[in-house]
Amino acid sequence: MNDENTRENEGTKIPVSFIEQIIIDDLKEGRNNGRIHTRFPPEPNGYLHIGHAKAICLDFGMAEKYGGKCNLRFDDTNPVKEEIEYIDSIREDIHWLGFDWEDREYFASDYFGKLYDFAIDLINRGLAYVDDQPSDLIAQQKGSPTQPGIESPFRNRPPDENLDLFRRMNEGEFDEGSRVLRAKIDMKNPNMHMRDPIIYRIIKAPHHRTGNKWKVYPMYDFAHGQCDFFEGITHSLCTLEFEVHRPLYDWFTDKLMTSSYRPRQIEFNRLNLTYTVLSKRKLLELVREGKVRGWDDPRMPTLCGLRRRGYTPEAIKRFIEMIGYTKFEAINDISLLEHAVREDLNMRAPRVFGVLKPLKVIITNYPEEKTEEVTIINNPEDESMGSRNIPFSRELYIERDDFMEDPPNKFFRLAPDREVRLKGAFIIKCESYRKNETTGIIEEVYCTYDPDTRSGANNSQKKVKGTLHWVSVRHAIDAEVRIYDRLFNHEDPTGQKDDYHKFLNSDSLQILKGCKLEPSLRSARPLDRFQFQRLGYFCVDYDSSEDNPVFNQTVSLRDSWSKMRK
RNA sequence: UGCUCCGUGGUGUAAUUGGCAACACGUCUGACUCUGGAUCAGAAAAGUCCAGGUUCGAGCCCUGGCGGAGCAACCA
């Protein structure tokens, strides 16, 4: 019974969204000849973030699932705001997510000629006019949501005059802002967007693709639906704030239609995430103000930031699948995103040993010059990932947090007279330790090991409560590890009276130097992902080099011990 | 004093033609464990914004409230 209305995902039912239901129904009714064709229309004025991923997954996902196509279309109708540098990153991010538009890469600017002709057509039909008034006057006449607008004195200009003026606007004869072309609809319409919207304005800045060819540029409302129409789009999916634009979308489409084909705009809720901001403007501010190190700072919710942080496309897609598409403006808990990466990385990330805050342990009864190899399983979740050997010797590093002089009962790690297992190796017992009396810092811990407890040995069945990760001092490689926390310390930093800057988390980046990693990590390459055993998931940063390996923490492991201490 | 959209556990989503409000995250137990991870078992947690109405029966349909969001860029 569920086959039609749900789909399977690893045993979990993913409900069909209202949009998917509409698509199913449209297909069933044979609308637009039973075709589905979507588009993803980014404006090239910033980097894509996870909110865009939500749109991308819908646009490409629906087309893929129902045998249709999805175009990539750069919405470049405003030459002063858009930059070519963003275009490559947008392409790269969509591909990284695993979607492809084949040869269907378009630009709104591809249609400037057709749009211009359509404007001429509207003028000829008495449906558009040139208004000579300044912008503040036009705005004033528009009225307000509660007040109807009044008509422009130029509204009934004859078509010939409009035609002449519009052509001269495009020839650069008039200054920017001196004249606009408006659709003649209804100044009293309760929907502000229908009150003779401006459809063309004069901009003299060169366009990144069309250069100086045009002096007039179409507004969003005059471009988007028409581009959809030109491309044969059937379902134009966008976010909720465009809901009130839909009547305009339909108005223009009506004027364009020559057959039963018609594109349809459907709106869904945009993505909001706790403890972060998802507006291009604010993200740009964070970059410009140096609050982060760039668009791809691993704390950024941008796709390039998440990628650098170690997120997988699969985790992002899974997250998006879980939150769904509705018409309710929701705020999604970031812990759901974190859950999605953990779930994914748990299956695929090899386990390695890395000590972030090293404390030296000396095994006093282990021969000074000896080194032996112990075998470690690469991933207990996936046997096919095999195993590797790592060196064990007399002097080791363990995590500083894994030792306490005077521990509480529930502390299962190393402490005076207590025993723990060194994972993959031996059980050791703490005999004594050396402490710097002036600083209070523990400098070395002295232990003995039991040679009979080697992992895998028949007589190694002795039970201990704790297992620690470790790295051999002589073989360790030094690394820098960057630990990230949420960028903001308020769930909803932009929904408050105070400016969102006030909620920036000053501890969102912690740089740890002198971390000690197992030697196999020397060959790791940027973006390689690992689980540092008992700590979390980490990936190699672009800044990494042979001499100075750098790792980013993607997300910590669930940590019931630290939870217990609170 | 307008128009449009939206109100289901803490959070996000389900609930087919009106039929015992379900799933996930999070939280809390317990089991297991050479990762205090993972896994497994279980628990707490909403009676569906409110008030009426229709109906044998309403989260779903109707009416009226209340609450939230969007809309007054020559931005998209």
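Quick note: numbers below take in every heavy atom, side chains included, and nothing from hydrogens, waters or symmetry partners. Numbered from 1 within each chain, the chains take letters A, B, ... in sequence-line order.
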Whether A/Trp561 stacks on the six-membered ring of B/rG36 base, 5.5 Å and 30° limits: yes
Classify the nucleic acid contact of A/Arg195 as base, sugar-phosphate or nothing, counting any heavy atom under 4.0 Å across all strands shown. nothing
When you check the phosphate oxygens OP1 and OP2 of B/rA76, does a side-chain N or O of A/Thr77 lie under 4.0 Å from one of them? yes
Between B/rU35 (C1') and A/Leu414 (CG): distance, integer Å: 17 Å
Considering only B/rG70, B/rC5, B/rA72, which nucleotide approaches the side chain of A/Glu243 most closely? B/rC5
Expected label for B/rG47 (glycosidic angle, syn inside 90° of 0, else anti) would be syn
Would one find a side-chain N or O of A/Arg534 under 4.0 angstrom from OP1 or OP2 of B/rG36? yes
Show your reasoning for whether side chain to side chain donor-acceptor pair (under 3.5 Å) applies to A/Glu267 and A/Gln265. CA-CA 7 Å; A/Glu267 312 84 13; A/Gln265 176 181 302; 3.0 Å; yes
Are A/Lys282 and A/Tyr500 in a cation-pi contact, defined as NZ or CZ under 6.0 Å from the six-membered ring centre and within 45° of the axis? yes
Quick one: label A/Met219 by what it contacts on the DNA or RNA (base, sugar-phosphate, nothing), any heavy atom closer than 4.0 Å. sugar-phosphate
On RNA chain B, nearest-nucleotide positions of A/Asp221 versus A/Asp333: which is more 5'? A/Asp333
Identify whether any heavy atom of A/Gly424 sits under 4.0 Å from a base atom; if not, whether one sits that close to sugar-phosphate; answer base, sugar-phosphate or nothing. base
Would you call the rings of A/Phe40 and A/His52 parallel, tilted or perpendicular if under 30° counts as parallel and over 60° as perpendicular? perpendicular
Taking any heavy-atom pair under 4.0 Å as a contact, classify A/Pro380: base, sugar-phosphate, or nothing. base
Ignoring the backbone of A/Met192, work out which of B/rA76, B/rU13, B/rA72 is nearest its side chain. B/rA72
Distance, rounded to the nearest Å, where A/Tyr249 contributes OH and B/rU4 contributes P: 21 Å
Side chain of A/Met564, heavy atoms from C-beta onward: which of B/rG36, B/rC34, B/rG70 has the nearest atom to it? B/rG36
Between atom CG in A/Asn170 and atom P in B/rC74, what is the gap in whole Å? 20 Å
Once you apply a heavy-atom cut-off of 4.0 Å, does A/Ile331 come out as touching a base, just sugar-phosphate, or nothing? sugar-phosphate
Using a 4.0 Å heavy-atom cut-off across all strands, classify A/Thr274 as base, sugar-phosphate, or nothing. nothing
Pair partner, B/rA43 [Watson-Crick or wobble, under 3.5 Å]: B/rU27
Please state how far atom CD1 in A/Ile390 lies from atom C1' in B/rU35, giving the value in whole angstrom units. 13 Å
With the side chain defined as heavy atoms from C-beta on, A/Met322 is closest, among B/rA24, B/rC6, B/rA38, to B/rA24
With heavy atoms under 4.0 Å as the rule, sort A/Leu557 into base, sugar-phosphate or nothing. base
Taking only the side-chain nitrogens and oxygens of A/Ser335, find out if one of them lies under 4.0 Å from OP1 or OP2 of B/rG26. no
Under 4.0 Å: is that the gap between some side-chain N or O of A/Asn78 and OP1 or OP2 of B/rC75? yes
Identity of whatever pairs with B/rU35 - Watson-Crick or G-U, under 3.5 angstrom: none
By the Watson-Crick or G-U definition, both distances under 3.5 Å, B/rG19 is matched with B/rC56
Toward the 5' end of RNA chain B, by each residue's nearest nucleotide, A/Ile323 or A/Pro190: A/Pro190
Indicate, with a heavy-atom threshold strictly under 4.0 Å, whether A/Lys327 touches base, sugar-phosphate, or nothing. sugar-phosphate
Is the NZ or CZ atom of A/Lys54 both under 6.0 Å from the centre of the six-membered ring of A/Tyr325 and within 45° of that ring's axis? yes
Which part of the nucleic acid, if any, lies within reach of A/Gly177 when heavy atoms closer than 4.0 Å are counted: base, sugar-phosphate only, or nothing? base
Does any nucleotide pair with B/rC66 by Watson-Crick or G-U wobble geometry, both distances under 3.5 Å, and what is it? B/rG7
Aromatic rings A/Phe242 and A/Tyr220: how do their planes relate, parallel, tilted or perpendicular, breaks at 30° and 60°? tilted
For A/Phe107, does the six-membered ring have the charged nitrogen or CZ of A/Arg209 within the cation-pi criterion, i.e. under 6.0 angstrom from the centroid and within 45° of the normal? yes
Counting any heavy atom closer than 4.0 Å, what does A/Asn332 reach on the DNA or RNA strands: base, sugar-phosphate only, or nothing? sugar-phosphate
Taking only the side-chain heavy atoms of A/Pro145 (C-beta and beyond), determine which of B/rA38, B/rU27, B/rC71 contains the nearest atom. B/rC71
Whole angstroms only, please: what is the CD-P distance between A/Glu338 and B/rA38? 13 Å
If you look at every strand shown and take non-hydrogen atoms under 4.0 Å, does A/Phe242 touch a base, only sugar-phosphate, or nothing? base
Between P on B/rU4 and NE2 on A/His245, what's the gap in Å once rounded to a whole number? 16 Å
Tell me whether the rings of A/Trp214 and A/Phe112 are parallel (<30°), tilted (30 to 60°) or perpendicular (>60°). perpendicular
Given B/rU13, is OP1 or OP2 found less than 4.0 Å from the side-chain N or O atoms of A/Asn269? yes
What's A/Pro134 touching, base or sugar-phosphate or nothing? Going by heavy atoms closer than 4.0 Å. base
Looking at B/rC25, B/rC74, B/rU1, which one has an atom nearest to any side-chain atom of A/Thr146? B/rU1
A/Glu43 has its side chain closest, among B/rG37, B/rU13, B/rA76, to B/rA76
Without decimals, in angstroms, what is the distance between A/Phe222 CZ and B/rA73 P? 20 Å
Quiz item: cation-pi between A/Arg179 and A/Phe174, 6.0 Å / 45°: yes
How close or far is atom P of B/rA38 from atom CZ of A/Phe532, stated in whole angstroms? 19 Å
For B/rC34, take OP1 and OP2 only and decide whether either is under 4.0 Å from a side-chain N or O of A/Lys462. no
Under 4.0 Å from OP1 or OP2 of B/rA76: is there any side-chain N or O of A/Arg201 that close? yes
Nearest to side-chain heavy atoms of A/Lys142, which nucleotide of B/rG70, B/rG36, B/rA72: B/rA72
Selection from B/rU35, B/rG36, B/rU13 that lies nearest to any side-chain heavy atom of A/Gln533: B/rU35
Report the relative orientation of the aromatic rings in A/Phe532 and A/Phe538; use parallel for angles under 30°, tilted for 30 to 60°, perpendicular for over 60°. parallel
Testing A/Gln533, A/Glu399, A/Lys423, A/Glu518 for side chain to side chain donor-acceptor pair (under 3.5 Å) with A/His469, which one passes? A/Glu399
Answer with base, sugar-phosphate or nothing: what part of the nucleic acid does A/Glu381 contact at a heavy-atom distance below 4.0 Å? base
A/His339 side chain N/O closer than 4.0 Å to the phosphate oxygens (OP1, OP2) of B/rC25? yes
Taking only the side-chain nitrogens and oxygens of A/Lys465, find out if one of them lies under 4.0 Å from OP1 or OP2 of B/rC34. no
With the stacking rule set at 5.5 Å and 30°, tell me whether A/Phe412 counts as stacking on B/rG36. yes
Would you say A/Arg342 places a side-chain N or O within less than 4.0 Å of OP1 or OP2 belonging to B/rA38? no
Any base atoms under 4.0 Å from A/Arg246, or only sugar-phosphate, or nothing? Heavy atoms, all strands. nothing
Given B/rG37, is OP1 or OP2 found less than 4.0 Å from the side-chain N or O atoms of A/Ser560? yes
